[in-house]
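Whatever order the structure lists them in is the order used to number ligands and atoms, beginning at 1. Atoms considered below: every heavy atom in the structure, side chains included; atoms not considered: hydrogens, waters and symmetry mates.
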Amino acid sequence: MNIAEFYPRKSLGQNFLIDDNIKVKIIQACNVSSEEFVLEIGPGKGALTQELVKLAKGVVAVEKDVRLFQMLCQTLGGYLNLSLVNQDILTYRISQSNTKVIGNIPYNISSPLIEHLLMQKDKISVIYLTLQKELAERIIAKPRTKAYSSFSIFVQYHSVPTIKFIIKRGSFRPRPKVDSAFVEFVIRKTPAVTVKDEEFFFKIVRAAFGQRRKMISNTLKGLVDQEKICQTGISPSIRPEDLSLDDFGRLANSS
Ligand code: SAM
């Protein structure tokens, strides 16, 4: 199949970058050096890949759509520092340490993908992703805002996320319904808070945000008793959106 016959698959979030200014901005923001290894997620027609191979020591580009994978083999197969992989990124395991992850990724897998990457953070230095603006705002959200959620805490526990710039929907074809944000996640070598039991920490966070309108004395019943909550100096009548990562850490460590 050649590019002219190609029709995009909505189920694979195929909105291709067509704005050269944004492409330059993304490449500059990623600041790839000749010593670095890059994992590119969803290379598509190769808009970013063709630049990344010129900059990085090595690039692994994981594309699920076999039609695009075959096209990329034809157009970029000559680069010896490029490995093209036809696989679902959600099943892909990173083997190279200190990998820089870059992706203009499909919206429908954004959250599970971020989770999948952060679970492999020992292999990653930094992640750059184009996300739906609304999800990006949730990710960087601070306490006492509507966007603050258990996902904000999960991401901020493992990394320092920053919105670098906004990308208007017109920069892609087909044009998506919403604007995007280009987000940097600098991996934290040690988590944002020290907790005795990580699993229990996230259990508390999820339980509290599961009913975000309710006081933590209700939502944490059976997990942290009222007396223990009081001992941390946190009011049992507080709601989860008023608690920082540090506060959740103190609650988790109190039991
Ligand atoms: N990077 C290209 C660009 O900027 O034009 C394409 C971006 S498009 C938003 C997302 C790409 O991810 C598509 O090429 C799509 O086929 C691919 N993709 C979708 N789901 C995937 C998955 N689970 N694993 C790997 N690639 C996937």
Discussion item. Before we go on, tell me: are the rings of F201 and Y157 under 6.0 Å apart, centre to centre?
Written reply: yes
Item to complete: Enter the distance from L135:CG to I140:CD1 here, rounded to the nearest 0.5 Å.
Response: 11.0 Å
Worksheet item: Salt bridge check: are D247 and R250 linked by an N-O gap of less than 4.0 Å?
Response: yes
Discussion item. In this structure, would I139 and I124 fall into the same cluster of hydrophobic residues linked by side-chain contacts under 4.5 Å?
Written reply: yes
Fill in: Any residue meeting side chain to side chain donor-acceptor pair (under 3.5 Å) with S152, in chain and number order, not counting sequence neighbours
S149
For ligand 1, list every N/O pair with the protein closer than 3.5 Å, one pair per line with the distance.
from: ligand 1; atom 1: 1 (N); to: G42; atom 2: O; distance (Å): 2.8
from: ligand 1; atom 1: 4 (O); to: N104; atom 2: ND2; distance (Å): 2.6
from: ligand 1; atom 1: 5 (O); to: L17; atom 2: N; distance (Å): 2.9
from: ligand 1; atom 1: 14 (O); to: G44; atom 2: N; distance (Å): 3.4
from: ligand 1; atom 1: 14 (O); to: E63; atom 2: OE1; distance (Å): 2.7
from: ligand 1; atom 1: 16 (O); to: Q14; atom 2: NE2; distance (Å): 2.8
from: ligand 1; atom 1: 16 (O); to: E63; atom 2: OE2; distance (Å): 2.6
from: ligand 1; atom 1: 23 (N); to: D88; atom 2: OD1; distance (Å): 2.9
from: ligand 1; atom 1: 24 (N); to: I89; atom 2: N; distance (Å): 2.9
from: ligand 1; atom 1: 26 (N); to: K64; atom 2: N; distance (Å): 3.3

Discussion item. Any heavy-atom pair between the side chains of R239 and Q211 that's under 4.5 Å?
Written reply: no
